[in-house]
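Order of the sequence lines fixes the chain letters, A, B, ..., with proteins taken first and strands second; residue numbering starts at 1 for each chain. Treat the numbers as computed from the prediction; the structure is a model and nothing was measured.
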Amino acid sequence: MMEKLKLGVFELTDCGGCALNILFLYERLFDLLEFYEISEFHMASSLKTENHYDVAIVTGTVSSHRDLELLKEARNHSNYLIALGTCATHGSVQASVELPIREKLKAVYGDEGNPMRALDSKPAVEYVAVDLAIPGCPYNKDELYQALMDIAKGVDPVRPDYPVCIECKLNEYECVLVKKGLPCLGPITLGGCNAACIKSGLGCIGCRGPLPGEVNPASEYEILRGLGYNDEYIVKKFKTFARWEP
Amino acid sequence: MIIELREFTRVEGNGKAEIVIEDGEVKEVRLKIVEGPRFFELLTLGRHYYDVPDLEARICAICYLAHSVASVIGIERAFGVEVPEEIQLLRELGLIGEFLESHALHLYLLVAPDVFGYPDAIRMATKHGELVREGLTLKAFGNRLRELIGGREIHGINVKPGGFGRYPTVEELEEIEKQSEALIRLAKRAVRVFAGLDPYGEKAEHFVATDGYLWGDMLIAEDGEPFHYTDRIEEHSLVYSFAKQSHYKGEAFFVGALPRLLLKAEMLTPEARRLFEEHRKKLETGHVSYNNLAQAIELVYSLERAGEIARTLLDRGIEGENVPIEPREGEGIGYVEAPRGLLIHHYRIDSEGKITYSNIITPTALNHAMIEASLLREAKALYGETDEREMVQRLEETVRAFDPCISCSVHIVKL
């Protein structure tokens with residue numbers, strides 16, 4: 001029998017959802033375990049068996065020195081590193097608080113300053129090279145499943161390169177931007193979520209980050225202004241998950 | 001001397017503890033939350049109210065819907081908006097989904113391996129596969145409800161001030177009614193598994209919960225008198241933790257499944273009520289470890305209540321109308337029971353609908369002092385009696401009984 005690949009899951013600072021979503025694979029988790037052995041996954045297991053990983057998954061932002069050390073461990077001890085979720089790939093919501101870390105800490109903890117060596121939140125990809133980045137808040141677990149299966153079989157995982165709008169059209173959802181005038185970031189946001197928010201009749205909030213390549217935030221900006229949204233509102237929206245510059 | 005517990009496993013988020021030993025005795029325990037701070041209150045300041053529940057949902061994945069609902073209720077109260085029963089029932093259905101998803105995760109995947117002597121549920125599955133699969137089935141059904149009401153399994157945006165983006169269909173509600181009934185059998189088995197465990201951890205003396213079962217206008221404690229959190233709960237910063245600590249009238253207190261049962265048993269559904277009565281004596285001792293048993297009873301409650309809600313909505317029919325919202329200057333607090341305990345969202349909003357003040361206190365931050373008290377008691381009992389490895393494992397189990405959600409605990413803003 002083929003030797004299983006050693007898989008490590010490393011959580012930096014985040015909501016826990018990216019690690020949790022792996023468990024939400026349910027029965028398919030057992031399918032994955034035909035190919036992988038979990039060697040580090042502290043949310044799910046008390047066992048730590050390895051110091052080397054064939055595949056390591058890192059979730060969250062680097063928000064403390066502890067995170068940075070853990071990220072380096074994951075990179076230095078793995079052959080294939082996946083940055084999973086928008087915190088790891090783009091910084092997500094916590095990286096959008098723009099004050100310097102000292103001021104943020106002061107606002108929250110008072111004058112005692114920085115009790116635990118906090119850093120400004122930044123995505124994992126800003127510190128180390130990764131082999132694959134899967135964004136999404138949360139990411140689409142089918143995409144992760146497929147990527148892990150592909151890696152196990154020696155195939156390069158497919159990387160989506162189309163906007164959310166494509167999935168909206170495929171599902172025949174009504175365009176909430178044009179028909180309802182809702183602020184929808186679908187045109188400039190990387191697809192792969194199956195247009196989950198538009199399914200609810202609501203606008204895309206941009207949680208998968210910018211479409212790579214020919215994204216045109218300036219045009220989206222003008223559309224939203226035309227719909228009556230003010231500059232401050234649009235800029236905040238653009239900067240929430242990824243740092244779009246209009 | 002300091003004994004350092006490495007980062008806890010099988011809990012959500014990143015935390016550890018230190019046990020301070022002086023003259024051969026346990027003197028102090030420090031619960032250190034090492035998860036980085038995420039500054040959610042600062043994130044929401046100046047934001048338009050409509051977008052805030054979606055942002056607050058990101059505080060936690062296990063209980064995102066509790067955050068959305070608490071946020072929405074806080075905003076609606078600030079504007080003086082009341083939503084009709086239909087919307088309330090649907091929100092309740094979503095929260096129930098979250099109870100099922102979160103309790104099943106905690107009991108079957110995080111705690112059960114301790115009960116059966118395995119490092120994790122995956123390895124436990126070789127001998128106890130059926131139990132693990134039952135847990136995953138309950139969890140999947142909980143997530144089905146979260147997806148239906150919240151729009152996605154994690155971080156959906158369907159819960160909005162004044163209503164929903166999309167309302168469930170008759171077919172979907174019929175499916176919920178059928179499935180919830182079919183799954184009660186599994187939840188009752190969980191009650192049997194967790195009722196058999198010996199107690200450990202501190203005996204809590206103060207309990208706090210919302211005055212309704214899943215949310216409320218006010219809070220209640222042992223004396224039954226409704227109060228606002230600002231009257232009896234105080235928070236302060238710690239030098240060794242990113243999470244703050246809270247006290248109730250100056251003392252450690254407990255929020256979560258056990259406090260809910262003890263304070264609100266009369267609101268339970270019939271079978272859950274019967275199970276509560278059956279185990280009442282144990283539960284009333286207040287041992288924090290019985291929180292696991294209380295969660296198992298809440299699985300039964302959640303499934304019964306989900307069926308009731310689905311039936312009620314099917315009988316009346318779904319109107320699917322949102323309540324229109326006109327922003328005005330105001331202040332509001334949303335009190336919600338997240339699966340692991342009381343959650344507070346407090347906002348002030350200006351006349352344009354922008355957030356000018358926000359304060360969020362999460363269950364794990366409220367339990368922080370109680371977790372330390374519990375660790376201290378266990379450490380005192382175990383130090384010198386067992387080897388260090390055994391002691392450390394036992395202390396981890398004590399922390400785990402609280403079902404701590406460490407990611408959530410680090411967002412408290414200074415007033």
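With a 4.5 angstrom heavy-atom cutoff, A:Cys87 does not touch chain B via any of its atoms. Proximity to chain B (any heavy atom under 4.5 Å) is restricted, for A:Lys141, to the side chain, taken from C-beta onward. Using a 4.5 Å cut-off between heavy atoms, B:Leu55 contacts chain A through its side chain alone, with no backbone atom that close. Only the backbone of B:Leu45 comes within contact range of chain A, judged by heavy atoms closer than 4.5 Å. With a 4.5 angstrom heavy-atom cutoff, B:Asp51 touches chain A only via side-chain atoms. Contacts of B:Leu110 with chain A are made by side-chain atoms alone, with heavy-atom separations under 4.5 Å and no backbone atom involved. Residue A:Ile38 touches chain B through both its backbone and its side chain, counting heavy-atom pairs closer than 4.5 Å. Neither the backbone nor the side chain of B:Gln393 comes within contact range of chain A; no heavy atoms are under 4.5 Å apart. Looking at B:Arg152, only its side chain comes within 4.5 Å of chain A, counting heavy atoms on both sides. For chain A, the nearby part of B:Ala125 is the side chain; its heavy atoms alone come within less than 4.5 Å.
Between chain B and the residues A:Lys199, A:Glu27, A:Glu98, the largest count of heavy-atom pairs under 4.5 Å involves A:Glu27. Ranking A:Gly201, A:Cys137, A:Ser96, A:Ala19 against chain B, the residue ahead of the rest is A:Cys137, based on heavy-atom pairs under 4.5 Å. Between chain B and the residues A:Gly17, A:Ser92, A:Ser121, the most heavy-atom pairs under 4.5 angstrom are made by A:Gly17. When the candidates A:Ala44, A:Cys18, A:Cys197, A:Ala196 are compared by the number of heavy-atom contacts under 4.5 Å with chain B, A:Ala44 comes out ahead.
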Note to self: Does A:Thr13 form a side-chain hydrogen bond (donor to acceptor under 3.5 Å, both in side chains) with A:Asp67? I'd like the steps, not just the answer.
What the structure shows: CA-CA 7 Å; A:Thr13 292; A:Asp67 291 341; 2.7 Å; yes
Note to self: Show, in sequence, the C-alpha distance, side-chain angles and deciding distance for A:Asn194 and A:Asn140, and conclude whether the side-chain hydrogen bond (donor to acceptor under 3.5 Å, both in side chains) test is met.
What the structure shows: CA-CA 9 Å; A:Asn194 204 21; A:Asn140 179 344; over 6 Å; no
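Side-chain contact, B:Arg47 with A:Thr240: a donor N or O sits under 3.5 Å from an acceptor N or O. Between the side chains of B:Glu56 and B:His67, no donor N or O sits under 3.5 Å from an acceptor N or O. A side-chain N or O of B:Arg10 and one of A:Ser46 form a donor-acceptor pair less than 3.5 Å apart.
A perpendicular orientation is assigned to the rings of B:Phe164 and B:Tyr167, their planes being inclined by more than 60° (bins at 30° and 60°).
Taking the ring centre of A:Phe30 as origin, the terminal cationic atom of B:Arg133 falls inside the region bounded by 6.0 Å and 45° from the ring axis. Remark: B:Lys160 qualifies as a cation-pi partner of B:Tyr50 under the 6.0 Å distance and 45° angle criteria applied to the six-membered ring.
The closest donor-acceptor contact from the side chain of B:Arg123 to the backbone of B:Tyr118 lies at 3.5 Å or more, if one exists at all.
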